[in-house]
Amino acid sequence: QVQLVESGGGSVQAGGSLRLSCVVSGVTANMAWFRQAPGKEREGVAFIFNRGTGTYCGESLKGRFTISRDSAGKSVYLQMNSLKPEDTAIYYCAAFSVSDNYCYTSAWRYWGQGTQVTVSS
């Protein structure tokens, strides 16, 4: 059984930082972070292969967010710096890509339950 469990969300002021973690069990695979703001569709943040560096789904995220994973492939992290109010969303971890449209939800088979990130101005 595959399980993904996110943690690390919370409330911060603009300019602050948070580090999200996702522990995956039952599979070793490519992994990704998505986010969903109120009233909006879920959007890709970044993804990372078993062996390789992260790729970001938006130029506005690159430089502020960093995706990484541990050597065992069981955890993926999202370091978020210089947070802005527009980063407020539920952040989801995803695993096991079924297509190469990595920035889209349809590319991923397994999902975590999400963790709330709230950035106040």
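What you see below is based on every heavy atom in this structure, not just the backbone, and it leaves out hydrogens, waters and symmetry mates.
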Can you run down the disulfide bond (SG atoms under 2.5 Å apart) pairs that involve residues 57-101, sequence neighbours left out, and say none if there aren't any?
-> Cys22-Cys93, Cys57-Cys103

Shortest non-hydrogen contact from Val45 to Leu61?
-> O-CD1, 3.6 Å

Residues Val23 and Ser75: closest non-hydrogen pair is CG2-OG, 3.8 Å

Determine whether Tyr104 and Leu4 fall in the same hydrophobic cluster, where Ile, Leu, Val, Met, Phe, Trp and Tyr are linked whenever their side-chain heavy atoms lie under 4.5 Å apart.
-> no

Between the side chains of Lys74 and Ser25, does any donor sit under 3.5 Å from an acceptor?
-> no

Heavy atoms of Asn81 and Ser17 approach each other most closely as OD1-OG, 3.0 Å

Going by side-chain heavy atoms closer than 4.5 Å, which hydrophobic residues are tied to Tyr102, directly or by a chain of links?
-> Phe34, Phe47, Phe49, Ile90, Tyr92, Trp108, Trp111

Taking all non-hydrogen atoms of both residues into account, name the closest pair between Glu6 and Gly114 and its distance.
-> OE1-N, 2.9 Å

At their closest point, which heavy atom of Arg35 faces which heavy atom of Ala89, and how far apart are they?
-> CB-CB, 3.9 Å

May I ask whether Leu78 and Val12 are part of the same hydrophobic cluster, defined by side-chain heavy atoms of I, L, V, M, F, W, Y residues being less than 4.5 angstrom apart, directly or through others?
-> yes

Taking the six-membered ring of Tyr77, is the NZ or CZ of Arg69 close enough (under 6.0 Å from the centre) and on axis enough (within 45°)?
-> no

Taking it one step at a time, do Asn30 and Ile48 satisfy side chain to side chain contact (heavy atoms under 4.5 Å, CB included)?
-> CA-CA 6 Å; Asn30 300 337; Ile48 188 166; over 6 Å; no

Establish whether Met31 and Val2 are linked, either directly or via other cluster members, by ILVMFWY side-chain heavy-atom contacts under 4.5 Å.
-> yes

With the 4.5 Å side-chain cut-off for hydrophobic clustering, are Val5 and Val117 part of the same group?
-> no

Verdict with reasoning, Phe96 to Val98, per side chain to side chain contact (heavy atoms under 4.5 Å, CB included) = CA-CA 6 Å; Phe96 198 94; Val98 296; 3.9 Å; yes

Smallest heavy-atom separation, Tyr56 atom then Thr66 atom, equals OH-CA, 3.1 Å

